[in-house]
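Data block below; observations after.
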2 protein chains.
Amino acid sequence: MSQHRHPGTPGRAGAVPALPDLPEATVARLPEYLRALHNLAETGHETVSSEGLANAAGVNSAKLRKDLSHLGSYGTRGVGYDVALLIDQIESVLGLTQCRSVALVGVGNLGHALAGYDGFASRGFRIAALFDASPSRVGEEINGLVVRHVDELPRVATEESISIGVIATPASAAQAVADQLVAVGVTSILNFAPCVLSVPEGVDVRKVDLAIELQILSFHEHRKASLTALPATGGSALTALPGGLAATDNQEAIGT
Amino acid sequence: MSQHRHPGTPGRAGAVPALPDLPEATVARLPEYLRALHNLAETGHETVSSEGLANAAGVNSAKLRKDLSHLGSYGTRGVGYDVALLIDQIESVLGLTQCRSVALVGVGNLGHALAGYDGFASRGFRIAALFDASPSRVGEEINGLVVRHVDELPRVATEESISIGVIATPASAAQAVADQLVAVGVTSILNFAPCVLSVPEGVDVRKVDLAIELQILSFHEHRKASLTALPATGGSALTALPGGLAATDNQEAIGT
DNA sequence: CGCGATTTGTGCACCCCTTCACAAGCGCCT
DNA sequence: AGGCGCTTGTGAAGGGGTGCACAAATCGCG
Ligand SMILES: NC(=O)c1ccc[n+]([C@@H]2O[C@H](COP(=O)([O-])OP(=O)(O)OC[C@H]3O[C@@H](n4cnc5c(N)ncnc54)[C@H](O)[C@@H]3O)[C@@H](O)[C@H]2O)c1
Ligand SMILES: NC(=O)c1ccc[n+]([C@@H]2O[C@H](COP(=O)([O-])OP(=O)(O)OC[C@H]3O[C@@H](n4cnc5c(N)ncnc54)[C@H](O)[C@@H]3O)[C@@H](O)[C@H]2O)c1
């Protein structure tokens, strides 16, 4: 945990936009709102209510309002939120106004899929360079980018001003790659390798682990099976769950 | 969340193993412990202390002990945990004692990578079937499996007793695919498409969204840049911050 | 056989997050 | 202009998770 809290930096009442220090949970949901807003904008909506947006993003409307209030959002009571304005606000807060350059290390099975993914560019990210250690990979061209040897990372990193590193190597190489990324000044890493990375303070690491997701699902599957197996005392225990709707499921959150 | 909650089903003090109803945060960490334990087992360790395991899993040792205590784990004071025993315990709780069959829908860019991933089998999951809607994909053989048309899902699902569905189609098709999966009895879905899925209560959905991860990293990158820009009042305000772990499923930098 | 070193299990306090419920604000219609 | 319905923004309550700190338990050794 590097930070996300500023016990010592209260207001800094400068003339600057005054970084609002958002709750981490809120930050994790903003991209979700952003996507929903883009969908709304494309379908011609100019304003949207918290209820409508919350629905589109799969969250509680009160939660959404509180999230937006954290970033000092400007909604209009009785009307809702201006879609275009809100998009700008969120993109500004997330730092998406500038296009960020991503370096992808490990162009194997998964790396190929990532390199060929067009979802990067459409969200303001640019894959600036591909790296691999295997001679058989180096030189290969994917989507207009040539795979370079990982030793070239220092040079390319400064040239392209990389701000995010993505690791898609086997777990055994991930820590070494992370060290190399950190060494060239990368302070944000997305790790697909199933392992824990040690990085200096100030460097953020997020991981995506397929096996973990499946195992979590497995647990719930297991539990659901156990529950239906023993129908409890009263009989139909599957009725009368409060909450009414609650169709969608998130995590994240969560936990996931 | 759909369920994970039992306001009406208290103890059920039966003689059965008595499903412990674990905290969700604990469930999300168990797979991490499991991987660390497997690594330890392979390197010859027979026992491990909470400190050692916590270190290997990248968490606080107190948190690890509490997690394990939740599943009524048997450690030995003064010694630690028996690695093999703990592996069995966790796998049992996660429902990994039986091999779960996975159906993968959408064999495109990402789907290919997933289909060719050997990390499934090694974690107790078996890709039982591949589906796609495009005629150009159907019939293709990947890793010994033939891609079938998605219309065959009902038949194959019953034959293979699918317990988890993975969606790797474009977002526009994801809801329809989810509906089809639910229709054939799948109650756990892993969704790679960047969209919100509506599913009936009792069905678990977990999502993996690359764009969201990158945008969260972007936010922190943005904030770090803003902080270094204005060195605040006193001077070095960037020293030692105590840890308050974030709530979502994220995990961040640990010093050394 | 007892003692100290070691490590687990957990009570507790704190903090973050979620959710409800409602007052305040805004636009529209009469 | 004024009232009315709709929606935002937020205070407060409740729940869950985290990590400290310590008592209880176990082993090895003298
Ligand atoms: N394929 C998937 O669907 C999938 C899913 C989830 C997680 N993962 C994880 O993602 C990672 C990559 O998976 P994959 O299937 O692409 O594996 P892969 O073996 O196909 O590709 C790994 C690539 O990394 C390169 N590499 C190895 N060491 C390197 C180094 N030190 N520097 C730079 N490049 C290096 C290899 O040359 C290879 O091209 C693995 O850790 C895997 O567990 C993969
Ligand atoms: N490629 C990546 O690295 C990546 C990363 C993150 C997320 N994603 C997401 O994963 C999804 C798949 O990405 P992709 O790059 O593989 O796309 P893709 O277009 O290469 O593959 C999509 C596949 O789904 C199939 N399909 C379409 N409609 C279908 C239906 N109704 N039923 C069954 N199959 C259907 C298509 O025929 C195609 O083969 C997308 O939603 C994408 O946003 C991809």
Side-chain angles (χ1 to χ4, degrees), chain A residues 1 3-7 20-30 46-55 57-83 85-86 89 242-246 249-256, chain B residues 1 4-7 20-30 33 46-55 57-83 85-86 89 241-252 254:
Chain A
M1 56 225 60
Q3 62 347 308
H4 315 161
R5 192 132 50 100
H6 300 283
D21 194 23
L22 303 174
E24 192 56 30
T26 296
V27 174
R29 281 186 297 266
L30 288 181
E46 295 203 345
T47 65
V48 64
S49 69
S50 66
E51 187 74 28
L53 182 53
N55 218 41
V59 302
N60 186 303
S61 70
K63 192 188 295 185
L64 179 131
R65 286 198 299 277
K66 183 148 291 187
D67 282 342
L68 294 186
S69 77
H70 279 133
L71 47 90
S73 162
Y74 292 10
T76 310
R77 298 180 186 220
V79 177
Y81 299 90
D82 182 289
V83 173
L85 180 69
L86 201 48
Q89 287 259 340
L245 12 140
D249 174 343
N250 72 346
Q251 84 214 26
E252 305 335 244
I254 234 43
T256 358
Chain B
M1 294 267 166
H4 314 161
R5 193 160 24 129
H6 299 282
D21 193 22
L22 304 174
E24 194 56 28
T26 296
V27 174
R29 282 187 295 266
L30 287 182
Y33 303 156
E46 295 202 345
T47 64
V48 64
S49 69
S50 64
E51 188 73 28
L53 182 53
N55 218 42
V59 303
N60 186 303
S61 69
K63 191 189 295 185
L64 179 132
R65 286 198 299 275
K66 184 153 294 186
D67 283 341
L68 295 185
S69 76
H70 279 134
L71 48 90
S73 162
Y74 292 10
T76 309
R77 299 181 185 216
V79 176
Y81 299 90
D82 182 289
V83 172
L85 180 69
L86 201 47
Q89 288 258 340
L241 285 180
L245 254 225
T248 52
D249 50 339
N250 78 347
Q251 152 223 298
E252 276 150 48
I254 321 159

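Just so it is clear: chains get the letters A, B, ... in the order the sequence lines come, proteins before strands, and each one is counted from 1. Not measured: the values here are computed from a predicted model.
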Nearest-Å distance for atom pair [atom1]/[atom2], residues [X] and [N]:
{"X": "A:D67", "N": "C:dC16", "atom1": "CG", "atom2": "P", "result": "15 Å"}
{"X": "A:R29", "N": "C:dT18", "atom1": "CZ", "atom2": "C1'", "result": "8 Å"}
{"X": "B:L86", "N": "C:dT8", "atom1": "CG", "atom2": "C1'", "result": "13 Å"}
{"X": "B:L64", "N": "C:dT10", "atom1": "CG", "atom2": "P", "result": "14 Å"}
{"X": "A:Y74", "N": "C:dC26", "atom1": "OH", "atom2": "P", "result": "13 Å"}
{"X": "A:H70", "N": "D:dG11", "atom1": "NE2", "atom2": "P", "result": "10 Å"}
{"X": "A:D21", "N": "C:dC16", "atom1": "CG", "atom2": "P", "result": "10 Å"}
{"X": "A:K63", "N": "D:dG16", "atom1": "NZ", "atom2": "P", "result": "14 Å"}

- Message: Return whichever of B:T76 or A:G78 has its heavy-atom-nearest nucleotide of DNA chain D closer to the 5' end.
- Response: A:G78
- Message: Quick check: any donor-acceptor pair below 3.5 Å linking the side-chain of B:R77 to the base of C:dT8?
- Response: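 Yes.
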- For the side chain of A:K66 and the base of C:dT18, is some donor closer than 3.5 Å to an acceptor across the two?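 Side chain to base: no pair present.
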- Item | Closest heavy-atom pair and its distance - B:Y81, B:G75 | CD2-CA, 3.5 Å
- Query: Within a strict 4.5 Å, meaning less than it, do heavy atoms of the B:L30 and B:L22 side chains meet?
  - Reply: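 Side-chain contact under 4.5 Å: yes.
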- Determine the contact category for B:A62: base if any of its heavy atoms lies under 4.0 Å from a base atom, sugar-phosphate if only primed atoms, P, OP1 or OP2 are that close, otherwise nothing.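 If one applies the 4.0 Å heavy-atom cut-off, B:A62 turns out to touch a base.
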- Query: Looking for any heavy atom pair under 4.0 Å, which part of the strands does B:T26 touch: base, sugar-phosphate only, or nothing?
  - Reply: nothing
If only side-chain N and O atoms of [X] are considered, is one of them under 4.0 Å from the OP1 or OP2 phosphate oxygen of [N]?
{"X": "B:N60", "N": "D:dG17", "answer": "no"}
{"X": "A:R65", "N": "D:dG11", "answer": "no"}
{"X": "B:S50", "N": "C:dT8", "answer": "yes"}
{"X": "A:Y81", "N": "D:dG9", "answer": "yes"}

- Message: Taking the minimum atom-to-atom distance to the side chain of A:S49, which one of C:dC20, C:dC26, D:dT8 wins?
- Response: D:dT8
- Identify, with sequence neighbours excluded, every residue that meets side chain to side chain donor-acceptor pair (under 3.5 Å) alongside B:T26. B:D67
- Message: If I take atom CZ from residue A:R65 and atom OG from residue A:S49, how far apart are they, to the nearest 0.5 angstrom?
- Response: 9.0 Å
- Message: Rounded at 0.5 Å granularity, tell me how far OH in B:Y33 sits from CG in B:L64.
- Response: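 CG of B:L64 is found 4.5 Å from OH of B:Y33.
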